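Beneath this line is the structure, given in structure tokens, with notes to follow.
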Amino acid sequence: EPSGPNDAGQADAFSTAVEIQQIESKRVDNANIWSGLSYDGSRILFTTVWHAQGAAQKHIHLRHYDSELTELTKPLALTRDADVPVGKTIADHKQIFQNGSLYLSWSTAGDKELYLLRFDAEGKRSGEQVAVVEGSQFPTNDMHLVSDSKALYVVYGPAGYDKEVAAYDLDLASSYQKTITAGFRFSSLGSTTFVDGTFHLFSGDERQRSVIASHWDQTWTLKEPGHHVVVPTDNDDWNWFSSSALYDPKRKLWYVAYNHMLPPEEADLDSTIRLAVVGDDFS
């Protein structure tokens, strides 16, 4: 809690005590490494890619959980064979729940295709699949999916100064696609969160050594000061792939999930998931 005025009548610096304690953990079988989480107001919506027994190829499936992590429904396939181009397979996906709808972006192995789908909270499809890009010259895996409650945005592209942003209305009608440019290099792996009129893009820096947050206005123009180092490297260790970031407006704190790895560890074998608590000044 913020401290009160001191004897001189001047406000002390704010101080906040934060304790994070694990409550529950559950194993999810038949789940691939890439997964997504959202909340519909009463249930957790969990999506993952897996190859169901007897299926021709792997598909993205939806499960529902309560707050005690009890599984409420059997896995429901969201994608269909007809959604996937011939000779391709599903590689990566992101999902968000917005205005009563579950939105899903997914890409193919080979990094060339990127698609959008819309469902209700039960997993019933609404409308047709939309192609964001096919035969892309830029990598489509590791995309970010974010909404400002009025529109939907897909961010993708290579590590470097530039990314591609595709904008859609909430019925998945295309609005525009543009290239956004920063004065610093940032990775593709990460996530984007919209808070108070600003898109905050969390990613690794050029070498994946420090987690950084870059800040963009609603036209996807970089805002000053451009970016903050959220988790700096220590002895050249890796802090990267910030897969999720949530903002608590009451406490004015960010919670940032990211991967941590010591050299010469390997990402697929040794990486540790960490949670950073960050002030609203990104310190």
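Just so it is clear, the structure is predicted and the values come from calculations on it, not from any experiment.
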(message) With a 4.5 Å cut-off on side-chain heavy-atom distances among I, L, V, M, F, W and Y, is there a chain of contacts connecting Met143 to Trp34?
(response) no
(request) Under 4.5 Å between side-chain heavy atoms, chaining through other members, with only Ile, Leu, Val, Met, Phe, Trp and Tyr counted: pull out the rest of the cluster around Leu222, sorted by chain and number. (result) Val146, Tyr153, Val155, Val165, Tyr176, Ile180, Phe184, Phe186, Phe194, Phe199, Leu201, Ile212, Trp216, Trp220, Val229
(message) Main chain of Tyr103, side chain of Ser101: is a donor-acceptor contact present, judged purely on distance under 3.5 Å?
(response) no
(message) Does any part of the side chain of Asp237, heavy atoms only, come nearer than 4.5 Å to the side chain of Pro263, both counted from C-beta?
(response) yes
(request) Please check if Leu76 and Ile44 belong to a single hydrophobic cluster, counting links between Ile, Leu, Val, Met, Phe, Trp and Tyr side chain heavy atoms closer than 4.5 Å. (result) no
(message) Please check this pair: side chain of Asp92 against backbone of Ser107, looking for a donor-acceptor N/O pair closer than 3.5 Å.
(response) no
(request) Indicate whether the side chain of Ser271 and that of Asn259 have a donor and an acceptor atom separated by less than 3.5 Å. (result) yes
(request) Show your working on side chain to side chain donor-acceptor pair (under 3.5 Å) between Thr181 and Asp162 and close with a plain yes or no. (result) CA-CA 5 Å; Thr181 301; Asp162 303 333; 2.9 Å; yes
(request) Can you establish whether the number of heavy atoms outside Lys26 located under 6.0 Å from its atom NZ is more than 12? (result) yes
(request) Would you name the heavy atoms of Ser188 and Pro158 that are closest together and state the gap between them? (result) OG-C, 3.3 Å
(message) Do Ile96 and Leu152 make a side-chain contact, defined as non-hydrogen atoms from C-beta onward lying under 4.5 Å apart?
(response) yes
(message) One thing to verify: whether Asp83 and Arg125 come together as a salt bridge, which I'm taking to mean a side-chain N less than 4.0 angstrom from a carboxylate O.
(response) yes
(request) Report yes if the side chains of Gln177 and Glu164 come closer than 4.5 Å at any heavy-atom pair, otherwise no. (result) yes
(request) Any salt bridge (charged side-chain N to carboxylate O under 4.0 Å, His left out) involving residues 268-280? Give me the pairs, sequence neighbours left out, ordered by first then second residue. (result) none
(request) Name all pairs fulfilling the ring pair (Phe, Tyr, Trp, His ring centres under 6.0 Å) condition that reach into residues 52-96, sequence neighbours left out, sorted by first residue then second. (result) Trp50-His61
(message) Ignoring hydrogens and geometry beyond distance, is a side-chain donor-acceptor pair present between Thr198 and Asp196 at under 3.5 Å?
(response) no
(request) Run the salt-bridge test on Arg118 and Asp171 with the 4.0 Å N-O cut-off and return the result as yes or no. (result) yes
(message) Within the structure provided, determine whether Glu122 and Thr73 are in side-chain contact (heavy-atom separation under 4.5 Å).
(response) no
(message) Tell me whether the count of non-hydrogen atoms from other residues, nucleotides or ligands lying under 6.0 Å of CD in Gln57 goes above 12.
(response) yes
(request) Check whether any side-chain heavy atom of Ile20 sits under 4.5 Å from a side-chain heavy atom of Val277, and report yes or no. (result) yes
(request) Check step by step if side-chain contact (heavy atoms from CB on, under 4.5 Å) holds for Gln208 and Ser203. (result) CA-CA 8 Å; Gln208 304 281 29; Ser203 67; over 6 Å; no
(request) First locate atom NZ of Lys252, then atom CG of Asp281, and finally report the distance between them rounded to the nearest 0.5 Å. (result) 11.0 Å
(message) Please check: side-chain N/O of Asn32 versus main-chain N/O of Thr48, any donor-acceptor pairing under 3.5 Å?
(response) no
(request) Please step through side-chain contact (heavy atoms from CB on, under 4.5 Å) for the pair Tyr258 and Ile273, ending with a clear verdict. (result) CA-CA 6 Å; Tyr258 66 99; Ile273 305 298; over 6 Å; no
(message) So that I can tick it off, tell me whether Asp236 and Arg209 are bridged by a salt bridge, with the cut-off set at under 4.0 angstrom between side-chain N and carboxylate O.
(response) yes
(request) Tell me, yes or no, whether the heavy-atom count around Glu24 atom CD, taken from other residues, nucleotides or ligands under 6.0 Å, exceeds 12. (result) yes
(request) Could you verify whether a donor N or O on one side chain and an acceptor N or O on the other, from Thr140 and Lys112, lie under 3.5 Å apart? (result) no
(request) Find the distance between OG (Ser210) and NE2 (His228) and round it off to the nearest 0.5 Å. (result) 14.0 Å
(message) Nearest 0.5 angstrom please: Tyr168 OH to Ser105 OG, how far?
(response) 10.5 Å
(message) If I compare all heavy atoms of Ala159 with all of Ser187, which pair ends up nearest, and what's the gap?
(response) CB-CA, 3.9 Å
(message) Which residues end up grouped with Val86 if you chain together Ile, Leu, Val, Met, Phe, Trp and Tyr wherever their side-chain heavy atoms are less than 4.5 Å apart?
(response) none
(request) Show your working on side-chain contact (heavy atoms from CB on, under 4.5 Å) between Asp29 and Arg27 and close with a plain yes or no. (result) CA-CA 6 Å; Asp29 293 321; Arg27 176 186 172 91; 2.7 Å; yes
(message) Please give me the minimum heavy-atom distance between Ala166 and Val132, naming the atom from each residue.
(response) CB-CG1, 3.7 Å
(message) Please determine whether side-chain contact (heavy atoms from CB on, under 4.5 Å) holds for the pair His200 and Trp254, giving the CA-CA distance in whole Å, both sets of side-chain angles, and the decisive distance to 0.1 Å.
(response) CA-CA 11 Å; His200 302 278; Trp254 285 93; 3.6 Å; yes
(request) Please go through Tyr115's hydrophobic cluster and name the other residues, only I, L, V, M, F, W, Y counting, with side-chain heavy atoms under 4.5 Å joining them. (result) Leu45, Val49, Ile60, Leu62, Leu78, Val84, Ile90, Phe97, Leu102, Leu104, Trp106, Leu117, Phe119
(message) Check Arg207 with Asp205, please: is the shortest side-chain N to carboxylate O separation under 4.0 Å?
(response) no
(request) Could you note down all residue pairs passing side-chain hydrogen bond (donor to acceptor under 3.5 Å, both in side chains) where residues 238-247 supplies at least one of them, sequence neighbours left out? (result) none
(request) Taking the six-membered ring for Trp and the single ring otherwise, decide whether the centroids of His144 and Phe202 are under 6.0 Å apart. (result) no
(message) Please say yes or no: joined through hydrophobic side-chain contacts below 4.5 Å, possibly via intermediate residues, are Leu69 and Leu72 part of one cluster?
(response) no
(message) Under 3.5 Å, is there a donor on one side chain and an acceptor on the other for His227 and Ser214?
(response) no
(message) So Leu170 and Ser147, do their side chains get closer than 4.5 Å, heavy atoms only?
(response) yes
(message) Taking the side chain as everything from C-beta on, heavy atoms only, tell me whether Tyr255 gets closer than 4.5 Å to Val278.
(response) no
(message) Side-chain heavy atoms nearer than 4.5 Å, only ILVMFWY residues, links allowed to pass through others: does that put Phe282 and Val256 together?
(response) yes
(request) Could you state whether Val28 and Leu37 fall into the same hydrophobic cluster, counting links through intermediate Ile, Leu, Val, Met, Phe, Trp or Tyr residues with side-chain heavy atoms under 4.5 angstrom apart? (result) yes
(message) How long is the straight-line distance from CG of Leu275 back to NE2 of His260, given to the nearest 0.5 Å?
(response) 14.0 Å
(request) Starting at CG of Leu189, measure out to CG of Asp142 and round the result to the nearest 0.5 Å. (result) 4.0 Å
(request) Flag the pair Glu113 and Lys88 as a salt bridge only when some basic side-chain nitrogen lies within less than 4.0 angstrom of an acidic carboxylate oxygen. (result) yes
(message) Hydrogens and angles aside, do Thr219 and Asp217 bring a side-chain donor and acceptor to less than 3.5 Å of each other?
(response) yes
(request) Please round to the nearest 0.5 Å and tell me the distance separating atom CG of Leu114 and atom OG of Ser136. (result) 8.0 Å
(message) Are the side chains of Gln129 and Leu116 in contact, using a 4.5 Å heavy-atom criterion?
(response) no
